[in-house]
There are 2 protein chains.
Amino acid sequence: MADAAGPRNDEAIPDATVARLPIYLRGLVELSDDGVGTVSSVVLASLAGVNAANVRKDMSYLHADGTRGVGYDVDHLIGEISLVLGGGVPSPVVIVGVGNLGRALSRYDGFVAGGFPVAGLVDADPAVVGRRVAGNVVRSVEDLGALVAETGCTVGIVATPASAAQAAVDSLVASGVTSILNFAPTVVTVPERVDLRQVDLATELQILGYHQHHRAVEARSGRATG
Amino acid sequence: MADAAGPRNDEAIPDATVARLPIYLRGLVELSDDGVGTVSSVVLASLAGVNAANVRKDMSYLHADGTRGVGYDVDHLIGEISLVLGGGVPSPVVIVGVGNLGRALSRYDGFVAGGFPVAGLVDADPAVVGRRVAGNVVRSVEDLGALVAETGCTVGIVATPASAAQAAVDSLVASGVTSILNFAPTVVTVPERVDLRQVDLATELQILGYHQHHRAVEARSGRATG
DNA sequence: AATGCCATGTGAAATGGTGCACAAGCGCCT
DNA sequence: AGGCGCTTGTGCACCATTTCACATGGCATT
């Protein structure tokens with residue numbers, strides 16, 4: 001019953017809204033650092049680069065408690081969004097694959113700031129195992145289960161080559177990790193209970209390439225049509 | 001009129017479809033390497049992790065020329081998708097910001113393979129300028145305009161700290177770059193004619209964090225409800 | 001040449017998300 | 001105490017996307 005006094009909106013927050021919450025959070029923290037106490041949906045919208053009505057609708061899924069005529073309390077919103085995005089408790093992550101990308105990710109400040117400290121690194125290459133990277137000793141991928149158990153990691157980052165990605169994912173799943181961020185440029189599959197997100201660097205450029213090419217073709221045909 | 005004999009579907013390909021084309025392309029290249037000549041929408045769908053009807057609808061925006069009862073010609077599809085995604089011509093890219101992430105990106109094989117060779121690196125830090133990274137000498141951000149003009153880059157990657165991102169974007173735009181991929185964790189604005197995509201590493205983890213937390217809360221309340 | 005099998009291509013319904021427009025409500029100022 | 005201006009919260013319509021279901025049509029086999 002004491003528990004039931006908590007959030008009522010745990011029911012469901014649309015994916016599109018969840019994807020925007022971290023953006024809001026960044027803007028709000030900045031405002032808070034500047035000593036700003038309240039913010040309107042219009043201002044927050046411009047900070048996040050979205051529509052103001054969209055902000056208000058997003059906030060309606062949280063316990064935003066905005067006051068009409070005034071706006072939202074910045075610190076309160078920070079608290080609510082932080083709570084929704086992981087309960088306010090830091091989640092240590094383990095990175096599989098210590099190549100170029102893995103090393104860069106292990107040193108990426110934003111992870112720590114976002115509540116995701118790097119708790120360990122593993123790699124399949126014996127030449128890399130044992131080396132110190134960004135304050136962590138690289139361990140063998142065979143130790144993954146032990147590492148996850150020791151550190152209580154529930155989030156894994158895959159930064160292996162594409163050919164090793166599915167095996168890395170399988171190892172993470174077997175170790176009990178329930179959220180995986182995959183940077184390898186390949187489609188991987190996970191059990192339904194595991195949450196997977198894909199970040200595909202080359203794909204992003206190719207999408208840009210489409211629009212670029214499309215613009216060029218259109219401009220040319222526009223000229224030719226005259 | 002001779003021009004009109006070309007693609008008729010230049011009109012518009014939905015964004016959601018464009019975002020899937022690189023995924024299809026990867027799977028198709030793999031099939032081609034394995035000597036597979038034709039592919040059905042069902043197989044391609046499983047390779048890309050999407051619905052088969054979705055594949056067929058996507059293909060209908062291209063000159064897929066699938067044959068009923070057989071499927072699509074793999075090499076033909078590769079050609080069509082490559083054409084749509086940038087005209088088949090490689091687009092050199094320039095990377096702004098040679099920190100951890102910038103270095104990793106400059107060495108990332110996938111860019112070259114995807115038709116986006118790194119043509120140059122720039123940084124604002126004089127201590128970094130002049131150093132050699134991944135076969136490129138880092139140049140000053142002040143040389144950006146010249147570098148873009150020399151190499152004909154039309155795509156820029158921003159890998160600076162958040163505080164320098166907007167300035168980096170502005171410089172790229174001023175240099176004539178028309179497509180920008182921003183890795184800095186901040187919202188940046190560009191003129192309407194410039195295409196911008198945002199890749200936010202920490203945000204991706206935070207989104208995973210929501211689902212993780214949500215699962216935990218649900219499991220707890222599920223138990224409590226009993 | 002005819003028939004059966006199989007996969008494409010597509011109309012239409014369902015879904016999810018966005019943005020407008022406006023009613024409701026809070027605080028400040030008089 | 002009352003009224004005014006400002007901002008939230010939300011019903012509704014629009015748009016994009018996904019998915020189903022099925023008609024269409026080519027290929028192989030007989």
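Order of the sequence lines sets the chain letters (A, B, ...), proteins ahead of strands, with each chain counted from 1. Quick note: numbers below take in every heavy atom, side chains included, and nothing from hydrogens, waters or symmetry partners. Treat the numbers as computed from the prediction; the structure is a model and nothing was measured.
- Put simply, the residue from V177(A), V194(A), V190(A) that forms a side chain to side chain contact (heavy atoms under 4.5 Å, CB included) with V169(A) is V190(A).
- Put simply, T67(A) has no side-chain N or O that comes within less than 4.0 Å of OP1 or OP2 on dT8(D).
- In this entry the distance linking CG of D73(A) with C1' of dT7(D) reads 15 Å, nearest Å.
- Taking the six-membered ring where tryptophan is involved, the planes of Y210(A) and H214(A) are essentially parallel, since the angle between them stays under 30° and well short of 60°.
- Of the residues near DNA chain C, V70(B) and A16(A), the one whose nearest nucleotide (by heavy atom distance) lies more toward the 5' end is V70(B).
- In the interface, the side chain of K57(B) is not paired with the base of dT10(C) through any donor and acceptor atom under 3.5 Å apart.
- Regarding contacts with the backbone of dG19(C), a side-chain N or O of N54(A) is found under 4.0 angstrom from either OP1 or OP2.
- Look at N51(B) and you'll find a side-chain N or O under 4.0 angstrom from OP1 or OP2 of dC20(D).
- Rounding to whole angstrom units, CG of residue D65(B) and P of dG26(D) are separated by 12 Å.
- Closest contact between the side chain of Y72(B) and the listed nucleotides dT17(D), dG17(C), dG9(C) involves dG9(C).
- The side chain of Y61(A) places no N or O atom within less than 4.0 Å of a non-bridging phosphate oxygen (OP1 or OP2) of dG17(C).
- Put simply, the side chain of R68(A) and the base of dT7(D) share no donor and acceptor less than 3.5 Å apart.
- Checking the phosphate oxygens (OP1, OP2) of dT18(C), a side-chain nitrogen or oxygen of R20(A) falls inside 4.0 Å.
- Closest heavy-atom contact between Y108(A) and F183(B): OH-O, 4.2 Å.
- When heavy atoms are screened at a 4.0 angstrom cut-off, T17(A) is found touching no nucleic acid atom at all.
- Between the P atom of dT18(D) and the CG atom of D15(A) lies a distance of 13 Å, rounded to the nearest Å.
- As a whole-Å value, the separation of H63(A) NE2 from dT8(D) C1' is 17 Å.
- Among the protein residues, A53(A) comes within range of the nucleic acid bases, having at least one heavy atom under 4.0 Å from a base atom.
- Here dG9(D) presents its P atom at 12 Å from CG of L44(A), a figure rounded to the nearest Å.
- Residues V50(B) and R20(B) come closest through the heavy atom pair CG1-CD, 3.9 Å.
- With rounding to whole Å, R56(A) atom CZ is found 10 Å from dC20(C) atom P.
- Side-chain nitrogen and oxygen atoms of S40(B) include none within less than 4.0 Å of the OP1 or OP2 phosphate oxygen of dA7(C).
- The residue among V50(A) and M59(B) whose nearest nucleotide of DNA chain C lies closer to the 5′ end is M59(B).
- At a cut-off of 3.5 Å, with distance as the only test, a side-chain donor of T178(A) or Q212(B) sits close to an acceptor on the other residue.
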